[in-house]
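Structure first, then comments.
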Amino acid sequence: MTLSYILTILVSGLKLGAIYAIVAIGYSIVYGILRLINFAHGDIMTVGIYIILVLMNRAGLPIYVSILASVAISVFVGLLIERLAYRPLRDATEETTLISSLAVSALLQNILLLCFGAQRQPFMLPGFLTQGHTIGSVNFTNINIITFIITAIFLVALFLLLSKTKIGIAMRACSENMKAARLMGISVNKVVMVAFAIGSGMAVIAGFLLAGEYKTVYPSLGFVPGLKAFCAAVIGGIGSLGGAVAGAFIIGVTEILFAGLMPTSYTAYRDAFVFLLMVVVLLFRPNGLFGSTKGERS
Amino acid sequence: MKKIATLLLALAMVFALAACGAGGGNGGTDDASAAPTEEANGGGAAVTGDVIKIGGIFNVTGDQSSIDAPAQKAFALAVDEINANGGINGRKVEAVFYDGQTDTAVCASDAKKLIDNDGVIAIGGLSDSDYAYAAGAVAQEAGIPIVFSGATTPDIPDVVGNCAFMTAFGDDVCAHAAAEYLYNEMGARTVYVLTDTSMSYTSNLSAYFVERFKELGGEVTLEDHFSSGDYDFSAQIQRYLATGETDAMFMSTGPDDASTVIEQYRSAGATAPMISGDGWDADLWGVAGDLANKDVYVCTHYSTGDTSETVQHFIAAYTEKYGIAPENAFAALGYDCAQILFKAIEACGDDITAENIRTNIEAINGLVCTTGTISYTADNHVPDKTVVVTQSVDGALKFITNI
Amino acid sequence: MKTNVKLRDCNLFRLVCFIIIPLLFLVFCALQPKSYITGLVITAGIYIVLCASLNLINGFSGMFSMGHAAFMAIGAYLSAFLTLSANVKMNMTPGLPGWLIHAQLPFGVALIIGGLAAALVAVIIGFPVVRTKGHYLSVVTLALIVVVRAVIDNQDKLTSGSRGLKGIPTKSTILTVYIVVIITLFLLYRIVRSDYGRGLVAMRDDPTAAQTLGINLVKKKISCFAISAFFAGVGGGLWAHYLTAISGASFYFTKSFDIVEMSIIGGMFTLSGSILGALFYTVVPEFLAPLENGLRIGGLQLPSMFGLSNIIMALFLIFLIIFRRQGLMGRSELLLDSWFSKDTYLALFRKKDYARLAEGFLNLFRRKKKAES
């Protein structure tokens, strides 16, 4: 168990954490306002990847155009889902919306299955994105770096949006207390729509990076990362974007450390480990590691 | 009032279904329940009209779909072909397909539905043992022969009974062939084993491989695990590299993970030859690209490079019908599964009963299929086929040797 | 003349529609034990047990569990261990303790022990679970499924790993399953009608008020969790002895979501809802299956579209949640009220019930006429 070994798996953990982080940001922005565990978030991500794939491979569009078009379409899909499946439930209990999101998730997965089949399809990025670098025993690719950078950009952009813009402040108000916000004249529907648009758009970018890193896409690809993003949000502290990112890195690193350091007969327990980690955090810090004790958005 | 209406509606539906159940498969039900389950003679349905109904259960949705969907397509292709050639002894074949939804209960229910409602005379399908046990138990009770297309757990006929047949060789044969090829032909003495613990197929394969490789005198340096659904293998790879490269790597994963595993291990710098079972007779190049052409060996059912007329005809026909080449070996097995049924039905002449088909499957001797020559005996319902060792070269699996 | 007698309030009507007809139907099924329809009815019965036990938590106590598959798995494995023969276990699961390898018990006992094991696990994990609220609780129960699956898949010696248990004797017949269904529903019905059950509802509707009334919330939540897990374990046992082969994969997210889905469809606030939901969920997909196979409508051959029935069911669920959130059954306990009430059965011998029935029928037509005019 040399130092360089531990260093390599740490880097692997950071790479995985970056992927979780970028999914978790989009996840938290919706969760922070609606308190909705959006099981369908991961599936919007998958839809976005498939759209990119179709535009790139079948329509022959350049990659940037495909991504932008996919973001636009997915934002539309996200808003449509919000309008049809979530808005009518605005006054319902948390569990009802949870079920609704579960149904939407099943719906999207099965539609993808019907359109594209269950076969895993290769998702190849242009060479310069997957170009690898080696420092010592540590390997990484351009896409790893880009993931880190985009995560940081998202974080800063959202921070500015939430603190400097009118709609951002309205979002924070809704997240604190939706009823009070409505009384203050804030259009809650508008705020939720903006959150969904941002969340869905980010989901596509996250999906692009996820599929690019693992080079494949299939209809149920997004479900597990979606769940892990939720774990990350819980561990970091619900409502805190920075917390969600931190939680994602914690999950990524501990997951890989667990798989890399435990005896090999336990490596297959790694998903169980992540969920247990979340339960333990919930028990001792119900507001997450970085959530404020009052449960407010930081 | 609305509630009553809803309730009545639900009841009405149940009854409508009951009516179907009673009307549809009359002969089948009564005979089947009267006949003893073991060595059922004359039990089950019989074909009287000029259409022979056979059933197909495939998990075309859910986790199994990437394996079962091609198998179902190939099965349907075989049915089309036999009908285009005038059917079996002048009778048309009609295949009824149900989706098992990768759910054991649904598979069992599908088998009941096929036998009871559709009155099928024989069933084919399913590529994994969990679902095979569930559907098989139902078919066995009704005395209807069931031929599993892709399931490879060798104990299936023992667990299910004398109505169950396998199209593929058992996992033991496949894994032993891999071990022998590594030890004898490649001279490998140390080996790394990666196992997907969430599938029965992969767990079995690894267990048989490790047993045989140790028996031969080799050493298993490191055994590591994952569950399908993980798409990040970095922890396993780093541990392998840290332990030191071995003479060879045995990768026991399902077809879905194959290309991803190759890509991640190879790009991280693992260079030892990789070998796997028939699960890897899939698209190895999709994700891995050219990396998959570096020292990757697959022990499988057939080689697409096989120039025999049977194999080339199958590939051409499949490509023509569906616009793509067979996705994986399970397609070939689905095709062969249908051929086995056709052969046995043909041998029945005009006396087509479930029991006759069953005994005629047992009597099959030297049936040339895409995946080898198939023979059964009354005691052995797992065909004793040769394992084809292939190597991945330039985007295709090239034949190396038979074991 | 009493004009407000509704047909569904007539004991005789209830007797015929909710007891005699279903009973005759079950007998009809029992006479052809291997038929497809019987298989469906058995599946529905097992789902009723699972769904009713889920409703106890989700509908009555106000906690929202999605971890039923985990308790099912525990009940299924343990009861299977207790009915499999020692030889089989020696081969398949050599890691089990000696006494468990040699134990072979009657089906009923095995079911109960399986249920108790599930309840025990529920108590142990109950302490952390009940500390969480709302959908956190749901996600913690999902975590339980992941953990149970990981243990089943990786404890090769104990559970035979992902190869699963096979050759489990077929003990779940129409008779045994529906005996369990009736007992389960009866017990659950008594529980929700007791002080304990009223306490649960109080806790659901207003935890603070319930606490001031002297209800110990933690105790109540954990015990409710355990009772529900017990019946889920029993349901899992039935499941194992119906399918004869089980593995971890059969008790994963999908199974849990299925049960939650039927509970929502039927209505989670009543036990009758679980019956309707389970029936609906078993029967309706069967009608959708022909669609997937490429239906022929008036000479037009539709292509086969596998996955279509899942899409339709998902859409239906979304519509249901939006337009009839309380489920098909709503808040009516119609079915169980009629099953477990003396009056329903005595109605056969009471003249006034016949009169009411006639009244009810007449009202049915009257109302129709009124609607027409």
Side-chain angles (χ1 to χ4, degrees), chain B residues 1-4 6-8 10-11 13-15 17-18 20-22 24-25 29-30 32-33 60-63 65 69 96-99 101-106 108-109 111-117 129-130 132-134 137-138 141-142 153 155 159 196-200 202-204 225 227, chain C residues 6-8 17-18 21-22 25 28-29 32-41 43-44 149-150 153-154 156 161-164 166-167 170 239 242-250 254-255 276 279-280 283-287 289 292-293 304 306-307 309-310 328-330 332 334-335 364 367:
Chain B
M1 211 54 233
K2 245 202 287 177
K3 276 170 216 153
I4 293 247
T6 335
L7 268 179
L8 286 180
L11 274 175
M13 281 192 296
V14 173
F15 279 102
L17 214 74
C20 302
T29 338
D30 298 344
S33 50
V60 288
T61 59
D63 288 345
S65 51
V96 185
F97 293 109
Y98 288 119
D99 175 12
Q101 296 176 14
T102 316
D103 182 326
T104 44
V106 177
S109 163
K112 284 203 167 87
K113 187 156 51 171
L114 284 170
I115 295 167
D116 222 45
N117 277 10
S129 53
D130 282 348
Y133 295 130
V138 172
E141 267 194 351
T153 312
D155 72 352
V159 173
D196 177 354
T197 57
S198 67
M199 288 170 75
S200 56
T202 48
S203 305
N204 272 324
H225 310 89
S227 347
Chain C
K6 286 184 186 155
L7 205 49
R8 67 155 179 265
C17 278
F18 304 146
I21 294 180
F25 183 62
F28 165 78
C29 288
Q32 34 179 341
K34 277 159 197 159
S35 73
Y36 153 65
I37 183 83
T38 308
L40 272 190
V41 173
T43 319
R149 167 88 194 268
D153 277 356
N154 293 294
D156 244 24
S162 51
R163 291 174 208 115
K166 51 217 168 193
T170 319
W239 190 258
Y242 169 59
L243 288 176
T244 73
I246 52 171
S247 72
S250 8
T254 331
K255 183 101 296 147
L276 200 58
L279 285 177
F280 187 92
V283 172
V284 170
E286 297 301 322
F287 287 95
E292 301 200 328
N293 267 331
S304 56
F306 290 98
S309 71
N310 291 337
L328 293 178
M329 199 70 201
S332 148
L334 186 62
L335 292 177
L364 199 63
R367 211 170 300 144

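Predicted model only: the values in this text are computed from it and were never measured. So you know, we letter chains A, B, ... as the sequences are listed, proteins then strands, and number each from 1.
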dist Ser250(C):OG -> Asp130(B):CG (nearest 0.5 Å) comes out at 6.0 Å
Those residues at least two apart in sequence (or on a different chain) that pass salt bridge (charged side-chain N to carboxylate O under 4.0 Å, His left out) with Lys112(B) are none
The reported gap from OH in Tyr242(C) to OG1 in Thr104(B) (rounded to nearest 0.5 angstrom) is 10.0 Å
Closest non-hydrogen atoms of Ser162(C) and Ser198(B), given as atom of the first, atom of the second and distance, are CB-C, 3.6 Å
Across all chains, not counting sequence neighbours, the salt bridge (charged side-chain N to carboxylate O under 4.0 Å, His left out) partners of Asp196(B) are none
Turns out that what part of Asn310(C) lies under 4.5 Å from chain B's heavy atoms comes down to side chain
Here the gap from Lys113(B) atom NZ to Ser35(C) atom OG, rounded to the nearest 0.5 Å, amounts to 13.5 Å
Max heavy-atom pairs within cutoff under 4.5 Å with chain C, candidates Val60(B), Thr61(B), Thr197(B), goes to Thr197(B)
Residues Thr244(C) and Ala137(B): closest non-hydrogen pair is OG1-CB, 3.9 Å
Okay, Thr254(C) and chain B: the region with an atom under 4.5 Å from a heavy atom over there is neither
Taking every heavy atom of Tyr36(C) against every heavy atom of Ser109(B), the minimum-distance pair comes out as CD1-O, 3.7 Å
If one checks every heavy atom of Asn204(B) against chain C at 4.5 Å, the contacting part turns out to be both
Rounded to the nearest 0.5 angstrom, the CG-NE2 distance for Asp156(C) and His225(B) is 8.0 Å
Distance col, row Asp116(B):CG vs Thr38(C):OG1, nearest 0.5 angstrom, shows 7.5 Å
Highest number of heavy-atom pairs under 4.5 Å with chain C among Ala105(B), Ala134(B), Ala108(B) belongs to Ala105(B)
Minimum side-chain heavy-atom gap Gln101(B)-Pro285(C) below 4.5 Å:
no
